[in-house]
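Comments concern the structure below.
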Protein chains: 2
Amino acid sequence: MTNKSLKISDIAKKLNISSSTISRALTNPNLVAKKTRKFILKEVNKLKYIPNIHARNLRTKSSKTILFLVRDIDNQFYFEVFRGIEKVAKKSGYSVLMGSTDNDLKKEIDFFNMVKSNQVDGMILMTGRLPSRKIFSLNELKQMPIILSLEDIPEVNFNSLTIDNFQAAKEATNYLIKLGHEKIAHITSPLSETRIGILRRDGYRDALKKSGIKINSKFEYIGDYTVESGAAACKKLFKSANKPTAIFCSNDEMAYGAINQLRRMKINVPNKVSVIGFDDLPMSKSFYPPLSTIYQPRFLIGEKSMELLFEKIKIQKNKIDNIKLKTKLIIRDSSAKRIK
Amino acid sequence: MTNKSLKISDIAKKLNISSSTISRALTNPNLVAKKTRKFILKEVNKLKYIPNIHARNLRTKSSKTILFLVRDIDNQFYFEVFRGIEKVAKKSGYSVLMGSTDNDLKKEIDFFNMVKSNQVDGMILMTGRLPSRKIFSLNELKQMPIILSLEDIPEVNFNSLTIDNFQAAKEATNYLIKLGHEKIAHITSPLSETRIGILRRDGYRDALKKSGIKINSKFEYIGDYTVESGAAACKKLFKSANKPTAIFCSNDEMAYGAINQLRRMKINVPNKVSVIGFDDLPMSKSFYPPLSTIYQPRFLIGEKSMELLFEKIKIQKNKIDNIKLKTKLIIRDSSAKRIK
DNA sequence: TTGAAAGCGGTACCAC
DNA sequence: GTGGTACCGCTTTCAA
């Protein structure tokens, strides 16, 4: 671990050229005569020089790094989003880091401080919440190079990218109705923390209402996005005398849990009960039965979020247009016509 | 995005105390008189001062950050490992970043350069390979604060932590034999890239041999860790006249694929065919049927890897003891007695 | 226990 | 197009 690491001044001395020129040759090649540049780059490569990033960042007050902050890093959903972000970021020479709050308030504040202290140049937030106003004022937050992605926080009128959750849920429910189902249950997202759950539930309710189906609160089970809650929901729903013939779940994982539980109870999916999810996780197409679900354009979500962030970094304020993306209903084998 | 960010000298001026003392109060409190310290910290908190990490890192030549490098960041396997690493790292005030090579050589070299240039203080490698000797000499690599985790590269005698893959595979196969199976197929890891696949296959073969079962190369299918390859394997295995009654898969995902394919072919698991995986991913216990598999102590793997790394950072050389961890066979519902 | 000052390794301004 | 030099913000000697 001997760290006699090479610096610009070493190369400068060796080549009898000023540090400034070396630096320029490395970061602004077109400011340097072609001949000099070639001469320098040749030596730099030969010596395998690596710039000290801390020195550079200190001087430029920029790290060319952006942070993608999520609630739980192990959720399969995020990776394609990450790749979308990375693709756009890379084009401008930025790297992307992924951070996870794990519902830890302290961690969350640390990440925001990374933005505040310029340790990263910006942040894409998918956690659906902001730190307390006691830590950062709303005004301060709005000034920061941050984009809200997927989970909007409308009260604060922050730059954001969302999908149309209401419409997507409505479409899924309408599809079930078209299949002949009337007793349609819904396993929701956790409803208190984020708005997404409410929007999807309202989409579900709206579809029922518009089709003249009475909303039955017994058919709404408040889930928490886990496989286990999907299973628990089914246990409860099918204990009752009035059993649903279809279930719309607010994410795929709960749909997995629901289907597994139905199987344990010897209730066939989709013949007896249709199940439909939300997200279209990678697993869903190889699940058994392959899961009907709402596809969210994850890669695009990442790309567009990053574009928004770049825009915000550039214009340094909060006045850019927000974006709302469309989803798509994917029909596979977990849903079928109601057999009367 | 106005960045009038506060610095130590600002506080120094305001408090009429030298910057040195402020810095000490923040990083070496016991070098500062209690009274002064309290006075300083009170102001620091009030002003919400955040140290400039680039300046600090530049000065100390250490970032208190370590890198966890994997091949594909979206593999569920890694997260608990990550948490184990993080737990140990945190105790010493270190943060952990996770990086993914995505099989991109350039990316890989970049990550190694992060270590070389002190951008991170060390690295835990789970990619099972080192960059070409043309980029880094073997000697240079060995000097670097890097630990090989899970995927050893024995030719280079690098510090490493592994699990006993041979033994684990043998145990899984023996268990199937004990259930009365003799026609046991094996879906392997990709065999050319890493040693793990070979070790597991050899463990499988050894179990058969020791039980007097003839090794049948037709029963060995070379997989690639994906769900799809598990399904493809089954398609092929069950087209033949000589069908296996049990399958040992080199990871859980291929087991998922195998089970789904068997179901499509109306072959009941576990009544007709037993399937056993390797890894015990979070999904496996809620899979249908719940998957029998080899549990790898992921959290412990993370903790121990980080401890090894700290040791290596401390003693600055490659002479620490390597570690080999034990696995555990988890029996669930995807395996059963052979029905004759 | 505290302060002054040097310096980490780059970049960017200014002059030529 | 190139060089000299100040400076980014922190830590760490050294001296008091």
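Chain letters run A, B, ... following the sequence lines, proteins first, then strands; residues in each count from 1.
- Listed for the B:Asp104 side chain is a donor-acceptor partner under 3.5 Å among the backbone atoms of B:Lys106.
- In this structure a side-chain-to-backbone donor-acceptor pair under 3.5 Å is present from A:Thr27 to A:Ser23.
- At whole-Å resolution of the value, NZ in B:Lys13 and P in C:dA4 are 13 Å apart.
- For the salt bridge (Lys or Arg N to Asp or Glu O under 4.0 Å) test with A:Glu303, the passing option among A:Lys90, A:Arg298, A:Lys87 is A:Lys87; the others fail.
- Taking atom NZ of A:Lys38 as the reference point, atom P of D:dG1 lies 16 Å away to the nearest angstrom.
- In this entry the distance linking CG of A:Asn16 with P of D:dG1 reads 21 Å, nearest Å.
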Practice problem: Go along nucleotides 9-16 of chain D 5' to 3' and tag each nucleotide: B for a protein heavy atom under 4.0 Å from its base, S when only backbone or sugar atoms are that close, - otherwise. | Solution: BBBBB---
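- Distance, A:Ile17 CD1 to D:dG1 C1': 11 Å, rounded to whole Å.
- A:Asn322 places a side-chain N or O within 3.5 Å of a backbone atom of A:Ser160 that can act as its donor or acceptor partner.
- A:Ser100 and A:Asp102 share a donor-acceptor pair across their side chains, judged by distance under 3.5 Å alone.
- Between the side chain of A:Asn28 and the backbone N or O of A:Arg24, no donor-acceptor pair lies under 3.5 Å.
- Under the 3.5 Å distance criterion, the side-chain polar atoms of A:Ser132 are matched with a main-chain donor or acceptor of A:Lys134.
- Rounded to whole Å, the distance from NZ on A:Lys64 to P on C:dT11 is 12 Å.
- Between the C1' atom of C:dG3 and the CG atom of B:Leu31 lies a distance of 14 Å, rounded to the nearest Å.
- Atom CD1 of B:Ile40 and atom C1' of C:dT1 are 11 Å apart (whole Å).
- A donor atom on one side chain and an acceptor atom on the other are found under 3.5 Å apart for A:Asp121 and A:Ser62.
- Taking atom CG of A:Asp10 as the reference point, atom P of C:dG9 lies 9 Å away to the nearest angstrom.
- Ion pairing between B:Arg83 and B:Glu86 fails under the 4.0 Å rule for side-chain N and carboxylate O.
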Quiz item: For DNA chain D, what is the dot-bracket line, given that a base pair needs Watson-Crick (N1 to N3, plus N6-O4 or O6-N4) or G-U wobble (N1-O2 and O6-N3) geometry with both distances under 3.5 Å, and | means paired with another strand?
Solution: ||||||||||||||||
